[in-house]
Amino acid sequence: MRAELIQKEQKSIFQTYKRFPIVVEKAEGCYIFDKDGSKYLDFLAGIAVNSMGYAHPKIIAAIEEQVHKYMHLSNYFYQDVQIELAEKLCEKSGLSRVFFSNSGTEAIEGAIKLARRWGSAYKKNEIIAFSGGFHGRTLGALSIMDKPVYKDKMGPFIENSKIIEYNNPDELKKHISDGTAAIFFEYIQGEGGISSVSEEFIQSVKELKKKYNFLVVADEIQTGIGRTGKFFAFQHFDFTPDIMTLSKALGGGLPLGAILAGEHLANVWERTMHGTTLGGNAVACAAGLATINALEDGVLENVNKIGDYLKSKLIDLQKKHSDKVLEVRGKGLMQGLFLSFDAAKLVNSLLEKHKILTNAASGKVLRLVPPLIISEKEVDILVEALEKCLAE
Ligand SMILES: Cc1ncc(COP(=O)(O)O)c(C=O)c1O
């Protein structure tokens, strides 16, 4: 059954994904169950999507309720769930306008367009982004990323985009100019190996912004909606971006993305200038609202409590295996181990020997992005397994 299904996949679907050798039957809480009855502890959460775990009763109830009212109408209609979610996001972020998309990369495309259109009034169209960043797979997003593996032979990319070194204030000073419309960055690079932006970098962004008047775009597609212990990662700093992009956890497991912007950008787009058929789908918005309600109902506290617990356990592990674990990175429940060897090896051992799901980011980093409802018990299971794998 399993082998047959895998064979069919190989014949029917573009072979662009490296998949785990697991054919899934169902998932519940922090666990995934395969068709052979095996149970896997999930420290990947659908790549930082399933923040409330699987089959959360309140998310299911919200989806069911919405499905019975209507699923899709198009953006020709006023839809209460969409408006309620937009208001909630504005309240939580301090930003004041939302555009809903279907995915992260679409939110990035929209943010590039919004920044370019804003910049056109000041003769600015350059977009600057940073090494190690990941923003998606569409051409605009790829234009602001540096890894050849995602871009090779798929250009030409959009003009006047530049990638400079992450977290280097001197480089930033050198490259920002009157022609810069926007800079795009992640507060913690997910695919880039759980690298956090530094206080000095944010400080120099603030100073340069005063001098050159460009937009700051925070890509919070992975860090947003509670993942780092604050509602949004930018809230760890004393600085609100002009634009923020969201997706992943936003839709509670359904496809949803968003661009948020400050009031000063509210009129940059006029009617029909940007749009999408399915973006802001009512069912996805209902699931997103239920996710945010759950986050406010104690889960954000759990991120901080379990995040600290996980960090302390990982630091103990690093002390014991300092030759193999070079650094413990990240915040909240977005953490990683920077290893002295290829992280894929550890991912495979955790999976094969301990039935624990993780993934590798940027070669040598083991990424840990579990559901935000995870408990100390599950962290202990992971740490014990890591201990065994590292001792081998
Ligand atoms: C920070 C960041 N930006 C953008 C994206 C692209 O999102 P999507 O895969 O939904 O297009 C991702 C996906 O991993 C991401 O982590």
Side-chain angles (χ1 to χ4, degrees), residues 14 16-19 43-51 99-115 127 129-147 149-151 154 157-158 161 163 166-167 182-197 216-228 232-234 236 241 243-260 276 278-281 284 287-288 291 329-336 358-362 365 367-370:
F14 267 112
T16 60
Y17 297 112
K18 271 191 227 154
R19 299 187 197 265
F43 270 79
L44 182 59
I47 327 182
V49 168
N50 304 310
S51 54
F99 179 93
F100 287 111
S101 64
N102 301 285
S103 66
T105 201
E106 272 178 77
I108 292 288
E109 291 308 301
I112 294 173
K113 285 171 65 182
L114 186 63
I127 307 289
F130 300 90
S131 55
F134 186 90
H135 302 291
R137 311 289 190 144
T138 47
L139 279 172
L142 290 175
S143 307
I144 56 169
M145 287 160 53
D146 64 348
K147 283 218 183 116
V149 64
Y150 303 124
K151 301 176 68 168
M154 286 186 272
F157 299 99
I158 65 166
S161 53
I163 294 127
Y166 187 53
N167 262 342
I183 65 167
F184 280 62
F185 66 91
E186 294 154 86
Y187 278 83
I188 303 178
Q189 291 187 336
E191 303 295 317
I194 317 292
S195 301
S196 299
V197 85
V216 175
V217 185
D219 179 349
E220 294 237 24
I221 287 165
Q222 192 157 152
T223 52
I225 321 291
R227 170 79 33 208
T228 71
F232 302 108
F234 80 77
H236 290 287
I243 300 175
M244 171 168 65
T245 54
L246 296 174
S247 188
K248 291 204 183 264
L250 177 64
L254 293 181
L256 186 64
I259 305 162
L260 271 77
T276 157
L278 281 154
N281 169 269
T291 301
R329 295 178 170 178
K331 271 196 173 83
L333 287 172
M334 182 170 182
Q335 297 196 35
T358 56
N359 82 337
S362 197
V365 177
R367 173 165 52 174
L368 302 169
V369 284

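Note that ligands are numbered from 1 as they come in the structure, with each ligand's atoms numbered from 1 the same way. The figures here come from the full heavy-atom set of this structure, side chains too, leaving out hydrogens, waters and symmetry mates.
Note on ring orientation: taking the six-membered ring where Trp is involved, the planes of Phe185 and Tyr187 are tilted (angle from 30° to 60°). Aromatic ring pairs are classed by plane angle as parallel below 30°, tilted from 30° to 60° and perpendicular above 60°; the pair Phe184 and His135 is perpendicular.
For the 3.5 Å distance criterion, the side chains of Ser195 and Asn167 fail to qualify, holding no donor opposite an acceptor. With 3.5 Å as the limit, one finds a donor-acceptor pair spanning the side chains of Thr105 and Thr138.
Among all heavy-atom pairs drawn from Ile183 and Phe130, the shortest one is CB-CE1, 4.2 Å.
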Output block, N or O contacts of ligand 1, threshold 3.5 Å exclusive:
residue  : atom   : partner : partner atom : Å
ligand 1 : 3 (N)  : Phe134  : O            : 3.2
ligand 1 : 3 (N)  : Asp219  : OD1          : 3.3
ligand 1 : 3 (N)  : Asp219  : OD2          : 2.7
ligand 1 : 10 (O) : Gly104  : N            : 2.8
ligand 1 : 11 (O) : Thr105  : N            : 2.8
ligand 1 : 14 (O) : Lys248  : NZ           : 3.1
ligand 1 : 16 (O) : Gln222  : NE2          : 2.8

Give the intermediate values and the outcome of salt bridge (Lys or Arg N to Asp or Glu O under 4.0 Å) for residues Arg227 and Glu220. CA-CA 10 Å; Arg227 170 79 33 208; Glu220 294 237 24; over 6 Å; no

